[in-house]
Amino acid sequence: MSYPSAITTLVHNPQLRLLNALQANAKPIMTFLGLPSFRTAQVVAQTGIDGIIIDCEHGHISDDSMHSSTAAIAALGVSPLVRLRMTNSDLIKRALDAGAHGIVVPQINTPEEARAVVSHSKFPPQGLRGQGSAFPAITHGLDIPTYLKTANETLITCLQIESKMGVENVDSICAVPGVDMVFIGPNDLALSILGYVPAKGDEPEFVDAIKKIVAAARKNGKWVGRLSNDGASSKEHLKVFDTVAMSYDIRAIQNWYSSELHIARS
C-alpha cells in the first residue's frame, strides 16, 4: 500500500530515483555520507543504493564538498539529499541550489519550525525560495524553466523527529502542508526520552515514541523513515517504514577493517 504525501504530482523524471521509489512503495534504501570526498560519494553511489544523505550536520562536509558530492551522486542515477545543520533559510537555499533532490532537517520540535522550513523550500507562490542558480537544473537533468515548474512538486522535504518535544508535537508537525517525510533519529530520540544511548530498543517509552511518530505520519499522509544499523535491521524496519538510511560511510569503513583485522589476527 502506498501513502499519499505533499508530493502528489507524478513527474516522469528517471533521475528522481528516491522519489520514484517512494511513490511506487518500493521501499528504497538510503545511507549517510560523512566524508568530504566526491570519490567516496561516487563509490557509495555505485553500490545499488537509492539515495545518499550528505551529512552537513554531523559529517565532515563543507559547502564545497556538499556541492561536489551532490553532483557526483546525481550523475550516477542516485538521489542526493542534504542533511542541514540547522533550519536556517540560507542553508536550505544552498542545499537546494546545489541540486539536492531533497533536504533532511534535524531537530524539528514544533509545527512553526516545520512551516518555516517548508516556506524556504518552495518557490512562490507556495513559499519564499529565490531563484538564481543554474546548478539544480543541471543536477536534475532539466532546463531551468522546467526545473522551476516542477521543483515544488518533486523536492523531498524531510523533517527529523528526535526529541521529546518533537514527539509531543508530531501530529501537528505532520499536518503541515509541504512536509513530505518525517525521519526518526533513534539515538537523539533515545537521549531525549531515556537519557542514554544507544537504546536497547524495547524500552516502553522509546517504543511508544516511535509508534506515535509512525501513526502521525500515516494519519497525515506522510512518508516515514529511520536510521538502521545494518542489512538485517533494515529488512526488519522496512516492514513498517517507507524507507531507511542504512548506516554511514564512516561506520562501513570502520566495521570492515575491524572485522577483517579480527580474522587476520585470530
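Note that the coordinates shown come from a computational prediction; the quantities given were computed from them, not determined experimentally.
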When you measure from the side chain of Q160 to the backbone of Q107, do you find a donor-acceptor pair of N or O atoms at a distance under 3.5 Å?
no
For the atom pair CG (D64) and OG (S68), what is the distance rounded to the nearest 0.5 Å?
7.0 Å
Where is the tightest heavy-atom contact between V214 and F241, given as atom of each residue plus distance?
CG2-CE2, 3.6 Å
What pairs meet the salt bridge (charged side-chain N to carboxylate O under 4.0 Å, His left out) rule with one or both residues in residues 257-266, with sequence neighbours excluded?
none
Nearest atoms (heavy-atom pairs only) where A114 meets V176
CB-CG2, 4.0 Å
If you look at every heavy atom in A100 and H140, which pair is closest and at what distance?
O-CE1, 3.6 Å
R251 with D230: basic N within carboxylate O range, under 4.0 Å:
no
Residues T146 and L142: closest non-hydrogen pair is CG2-CD2, 4.0 Å
For the atom pair CG (L227) and OG1 (T31), what is the distance rounded to the nearest 0.5 Å?
8.5 Å
Measure the shortest side-chain to side-chain distance between S79 and I73 over non-hydrogen atoms and say whether it is less than 4.5 angstrom.
no
Shortest non-hydrogen pair, T87 vs I92, comes out as O-CD1, 3.7 Å
So do the side chains of P80 and I52 get within less than 4.5 Å of each other, counting heavy atoms only?
no
Considering only heavy atoms from C-beta outward, does the side chain of T154 approach that of N13 to under 4.5 Å?
no
Give me the ring orientation class for Y248 and F32: parallel if the planes are under 30° apart, tilted from 30 to 60°, perpendicular past 60°.
parallel
Is the shortest heavy-atom distance from the side chain of P124 to the side chain of L128 under 4.5 Å?
no
When you measure from the side chain of R17 to the backbone of I49, do you find a donor-acceptor pair of N or O atoms at a distance under 3.5 Å?
yes
Counting C-beta onward and ignoring hydrogens, is there a side-chain heavy-atom pair between W223 and L22 closer than 4.5 Å?
yes
Determine whether a donor-acceptor pair (N or O, by modelled atom type, separation under 3.5 Å) exists between the side chain of S69 and the backbone of A41.
no
Short side-chain to backbone donor-acceptor contact, T40 and L35, under 3.5 Å
no
Any side-chain heavy-atom pair from I213 and V182 closer than 4.5 angstrom?
yes
Going by side-chain contact (heavy atoms from CB on, under 4.5 Å), L159 matches just one of D180, V118, V105, N109. Which one?
V105
Would you say T47's side chain and V44's backbone share a donor-acceptor pair under 3.5 angstrom?
yes
Decide yes or no on side chain to side chain contact (heavy atoms under 4.5 Å, CB included) for K164 and L194, but give the supporting numbers first.
CA-CA 10 Å; K164 186 180 294 186; L194 304 174; over 6 Å; no
Would M30 and L18 count as a side chain to side chain contact (heavy atoms under 4.5 Å, CB included) if you check the C-alpha gap in whole Å, the side-chain angles of each, and the deciding distance to 0.1 Å?
CA-CA 9 Å; M30 304 182 288; L18 182 65; 3.7 Å; yes
Between H101 and I156, is any pair of side-chain heavy atoms under 4.5 Å apart?
no
Would you find a donor on one side and an acceptor on the other, under 3.5 Å apart, between the side chain of D242 and the backbone of G225?
no
Determine, step by step, whether L91 and R85 satisfy the side chain to side chain contact (heavy atoms under 4.5 Å, CB included) criterion, reporting the C-alpha distance in whole Å, the side-chain angles of both residues, the deciding distance to 0.1 Å, and the verdict.
CA-CA 8 Å; L91 299 178; R85 59 182 177 267; 3.7 Å; yes
Does F135 belong to the same Ile/Leu/Val/Met/Phe/Trp/Tyr cluster as V78, with side-chain heavy atoms less than 4.5 Å apart forming each link?
no
Salt bridge or not for R83 and E57, using N-O below 4.0 Å?
yes
Atom of A95, atom of L84 and distance for their closest heavy-atom approach
CB-CD2, 3.8 Å
Could you check whether atom NE2 of H60 has more than 12 heavy atoms from other residues, nucleotides or ligands sitting under 6.0 Å from it?
no
Treating S192 as the side-chain partner and L189 as the backbone partner, does any N or O pair qualify as donor plus acceptor under 3.5 Å?
no
Check whether the side chains of N229 and S247 place a donor and an acceptor atom closer than 3.5 Å, and report yes or no.
no
If we ignore angles and hydrogens, is there a donor and acceptor under 3.5 Å between the side chains of N255 and S258?
no
So do the side chains of L155 and L96 get within less than 4.5 Å of each other, counting heavy atoms only?
yes
Cluster link V240 to I184, ILVMFWY, side chain under 4.5 Å:
yes
For Y196, check side chain to side chain donor-acceptor pair (under 3.5 Å) against everything at least two apart and list the hits.
E203
Decide whether N169 and S172 meet the rule of one side-chain donor and one side-chain acceptor closer than 3.5 Å.
no
Side chain to side chain contact (heavy atoms under 4.5 Å, CB included), that's the test. Do L33 and I53 meet it? Break it down for me.
CA-CA 6 Å; L33 183 79; I53 303 170; over 6 Å; no
Residue that, paired with D171, satisfies salt bridge (charged side-chain N to carboxylate O under 4.0 Å, His left out) out of K219, R218, K222:
K219
